[in-house]
Amino acid sequence: MESLPDVTDFFATLQTPLTPLLPSSWAGEALFAGLQGRSDLLHTAALWTTAFGLTIVLRAANERWHFAGFSRAQEARKARFTKLRFLDRGARALPVSPPRRHLLVKDVKVFMRDVSQWSQLLLLFALVLVYLYNFSVLDLDRIPYVTDVVKGVYALVNLGMGGLVMATIAVRFVFPAVSSEGAAFWIIRASPVSMRDFLWSKFWVGLVPVLLLTEGLTIAANEVLGVDPVLKLVAAGAVFGLGFALVGLATGLGARYPRFDADNATQVAGSYGGIMFMILAVSVVLVVIGLAGWPASRYLWYSAHGMTVPWAQHVLMAACFGAATSLCALTCWFGMRSGVRALASM
């Protein structure tokens, strides 16, 4: 009851927006007049004359441009955007062999020309912005005695979320890379390009955007949280290693379980190989988080109590970081080796 006057005042300020030059206002006035049992000839006439006028304009535009556009579509005239000449010039500067360079250019151009592929990145970027905004509005200062502990926990949670985001992107965009060749895969087999060069070109095309997105997401979220610099470094290093591991695993398993007859990439991602990749990827992410998070948490615990880290703890921390690095390297190597062997024996 105490807030009722404020609510009443709020509704009292509401009114219909004044847009007298828009057809929506004309329709509203005509409908309101009909509810009152009278007719509004002025706004009704404005609606009909505007509709007829726009019909004439569209008819004229159709006669002017439709036939020319239809003819050019039949001739398959290339647009400037699809040529991407700057990509050719940039690829020449890369220190890679000519076969890998041309395969790289081909994959990027095919991806950019497929609107159903790159348009999904816009939704992904929007979700990333929402993710970062949620971290920015966390009111950690309301817990003054455990702020550092909570920030450390959130940093590890952020690392886990970054790994899961990386796995999701890999299974959607990297895993179907080989299957996207479709019925034209015989051209790759008949060309003087080894399966090793072919698969590694797919690896580098997927690694760069995945690393840029997830590293940027992790670093930005940790900056917003204001976590300890050591934890920032550990999280960035873990995401870097996970990038190589998950992209290599996705590329290799995608070559081992291809679906050249799939209608779209979503079917490939939901196949048996895609499910297997997600299970392995989540397992790798959890193990790496455990191996990297335990030494980081021990360091923060000693720092919070003003104590020096014993040498025995230093050895265990180094062993955990070494095990995480070895796991990422072995996962990448195993995935790519398995994919190359599968393509060579196909």
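Ala255 approaches Ala342 most closely through the heavy-atom pair O-CB, 4.0 Å. Across all their heavy atoms, Leu291 and Cys320 have their closest contact at O-CB, 3.2 Å. Across every non-hydrogen atom of Gly206 and Val210, the tightest pair is O-CG2, 3.1 Å. Shown here for Asn158 and Ala221, the closest heavy-atom pair between the two residues is ND2-CB, 3.4 Å. Taking every heavy atom of both residues into account, Met317 and Pro295 meet most closely at CG-CB, 3.4 Å. For the residue pair Gly293 and Leu156, the shortest heavy atom distance occurs at CA-CD2, 3.9 Å.
Rounding to the nearest 0.5 Å gives a distance of 6.5 Å between CZ of Phe203 and CE of Met336. The line from OG of Ser201 to NZ of Lys106 is 7.5 Å long, rounded to the nearest 0.5 Å. Taking CZ of Phe67 as the reference point, atom CZ of Phe70 lies at 8.0 Å (rounded to 0.5 Å). Residue Leu164 holds its CG atom at 9.5 Å from CG of Leu246, rounded to the nearest 0.5 Å. The NE2 atom of His66 sits 13.5 Å away from atom CG of Leu58, with the distance rounded to the nearest 0.5 Å. To the nearest 0.5 angstrom, Tyr257 atom OH is 13.0 Å from Ser179 atom OG.
Looking at heavy atoms from C-beta onward, Thr251 lies out of side-chain contact with Trp204 at the 4.5 angstrom threshold. When side chains are defined from C-beta on, Ser180 counts as touching Lys202, because their heavy atoms get closer than 4.5 Å. Side-chain contact between Thr331 and Phe244 is absent, with no heavy atoms from C-beta onward closer than 4.5 Å. Within the 4.5 Å cutoff, the side chain of Ile169 has no heavy atoms near those of the Val174 side chain. A 4.5 Å side-chain heavy-atom check between Cys332 and Leu249 finds every atom pair outside the cut-off. At least one side-chain heavy atom of Val234 sits less than 4.5 Å from a side-chain heavy atom of Phe321. In this structure, Asp40 and Trp26 have side chains that are not in contact, with every pair of non-hydrogen atoms separated by 4.5 Å or more. A 4.5 Å side-chain heavy-atom check between Leu231 and Asn222 finds every atom pair outside the cut-off.
Val288 and Val157 end up in the same hydrophobic cluster when Ile, Leu, Val, Met, Phe, Trp and Tyr side chains are linked at under 4.5 Å. The hydrophobic cluster containing Leu211 also contains Phe173, counting ILVMFWY residues as joined when their side-chain heavy atoms lie under 4.5 angstrom apart, directly or transitively. Under a hydrophobic-cluster definition in which Ile, Leu, Val, Met, Phe, Trp and Tyr are linked whenever side-chain heavy atoms come within less than 4.5 Å, directly or via other members, Phe125 and Met161 are assigned to the same cluster. A single hydrophobic cluster is not seen to contain both Ile219 and Leu132; linkage of ILVMFWY side chains at heavy-atom distances under 4.5 Å, directly or through other members, places them apart. Cluster membership check: Tyr131 shares its hydrophobic cluster with Leu242, using side-chain heavy-atom separations under 4.5 Å among Ile, Leu, Val, Met, Phe, Trp and Tyr.
By the 6.0 Å contact criterion, CZ on Arg172 is enclosed, its count of non-hydrogen atoms from other residues, nucleotides or ligands being greater than 12. Heavy atoms from other residues, nucleotides or ligands lying under 6.0 Å from CZ of Phe334 number 12 at most. Atom CZ of Phe260 sits in a crowded spot, with more than 12 heavy atoms from other residues, nucleotides or ligands closer than 6.0 Å. Annotation: Arg298, atom CZ; neighbour count of heavy atoms from other residues, nucleotides and ligands within 6.0 Å is above 12. Heavy atoms of other residues, nucleotides or ligands lying less than 6.0 angstrom from CZ of Arg59 number 12 at most.
Glu29 places no side-chain N or O within donor-acceptor distance of the main-chain N or O of His43, the cut-off being under 3.5 Å. With Ser191 contributing its side chain and Ile188 its backbone, the two residues share a donor-acceptor pair below 3.5 Å.
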Review point. side-chain contact (heavy atoms from CB on, under 4.5 Å) between Glu223 and Lys232: does it pass, once the steps are laid out?
Key: CA-CA 8 Å; Glu223 286 292 336; Lys232 293 180 183 179; 3.2 Å; yes
Exercise for review: Show your working on side chain to side chain donor-acceptor pair (under 3.5 Å) between Ser338 and Arg256 and close with a plain yes or no.
Suggested key: CA-CA 7 Å; Ser338 175; Arg256 191 173 183 85; 3.1 Å; yes
Practice item. Could you give me the CA-CA distance, side-chain angles and deciding distance for Ser194 and Asp197, then say whether side-chain contact (heavy atoms from CB on, under 4.5 Å) is met? Key: CA-CA 5 Å; Ser194 65; Asp197 289 340; 3.2 Å; yes
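Salt-bridge formation is not detected for the pair Arg189/Glu181: no Lys NZ or Arg NE/NH1/NH2 atom is positioned less than 4.0 Å from an Asp or Glu carboxylate oxygen.
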